[in-house]
Amino acid sequence: MTLVQTQPRPAGANPVRRTVVEVMDAAGPQVCDDMSVEVALAVMAAARTGRLVVCDLDGQCTGLVTRTELAAIRDSSDYTDRVRLRDILGDHGSFTSPVTTMAEAEHAMRTRRLGVLPVVDEQGSALGILVLSR
């Protein structure tokens, strides 16, 4: 698991043209997509976080899962201990670039009804997360 430091907003930056990298939060714990739902919930509890960035075996970000989503899956009648994170990512494949403007990212998040969006570099590695303010 890798924690990513956020970058402070430069003094005098134009608030209209702010980019995602200026306001993103640390990515938090990153886990492999072959992890089971139960283990992912245990990692969240140990890390005292409500979300995990999910990566494939090559370290590329494949999505993000929340404690609420995982608990709902675990409590469903279709759940088995063979369910892996890659099996449930579904529509969580949305990402943004660190150079995307905040206006563009906010519009995309509101359109897709996303509260959190992973920020990835050109290679697909998670740099941080963007949390939509209410």
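Small disclaimer: the values here were computed from a predicted structure and weren't measured.
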**OP:** Among residues two or more places apart or on two chains, list those pairs meeting salt bridge (Lys or Arg N to Asp or Glu O under 4.0 Å) that have a residue in residues 56-66.
**Re:**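 Residue pairs with at least one partner in residues 56-66: there are none.
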Can you confirm whether [X] sits close enough to [Y] that some side-chain heavy atom of one is under 4.5 Å from a side-chain heavy atom of the other?
X	Y	result
Val131	Leu117	no
Thr62	Leu89	yes
Val119	Val21	no
Met109	Leu130	yes
Asp33	Arg84	no
Arg82	Asp87	no

If you compare all heavy atoms of [X] against all heavy atoms of [Y], which two are closest, and at what distance to 0.1 Å?
X	Y	result
Arg51	Ile129	NE-CD1, 3.0 Å
Leu127	Val120	CD1-C, 4.0 Å
Cys55	Gln30	SG-OE1, 3.5 Å
Met102	Val20	SD-CA, 4.0 Å
Arg86	Asp34	NH2-CB, 3.1 Å
Val43	Val31	CG1-CG1, 4.1 Å

Original post:
Residues in side-chain contact (heavy atoms from CB on, under 4.5 Å) with Ser97, at least two apart?
Top reply: Val99, Thr100
Original post:
In chain order, what residues pass the side-chain contact (heavy atoms from CB on, under 4.5 Å) check against Arg74, with sequence neighbours excluded?
Top reply: Val37, Glu38, Leu41, Ala71, Tyr79
Subject >> Working for side-chain contact (heavy atoms from CB on, under 4.5 Å), residues Val65 and Met44 >> reply: CA-CA 10 Å; Val65 293; Met44 280 185 194; 4.1 Å; yes
**OP:** Start with the C-alpha distance between Ile88 and Val83, add both sets of side-chain angles, then the distance that settles side-chain contact (heavy atoms from CB on, under 4.5 Å), and finish with yes or no.
**Re:** CA-CA 8 Å; Ile88 62 167; Val83 176; 3.6 Å; yes
Subject >> Donor-acceptor under 3.5 Å (Glu22 side chain, Thr19 main chain) >> reply: yes
Original post:
Partners of Ser125 by side chain to side chain donor-acceptor pair (under 3.5 Å), sequence neighbours excluded?
Top reply: none
Subject >> All side chain to side chain donor-acceptor pair (under 3.5 Å) counterparts of Thr49, not counting sequence neighbours >> reply: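 Partners of Thr49 by the side chain to side chain donor-acceptor pair (under 3.5 Å) criterion come out as none, since no residue qualifies.
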**OP:** Sequence neighbours left out, what passes salt bridge (Lys or Arg N to Asp or Glu O under 4.0 Å) with Glu104? Give chain and number order.
**Re:** none
**OP:** Take Asp81 and Ser36 through the side-chain contact (heavy atoms from CB on, under 4.5 Å) test and state the conclusion after the steps.
**Re:** CA-CA 7 Å; Asp81 62 356; Ser36 72; over 6 Å; no
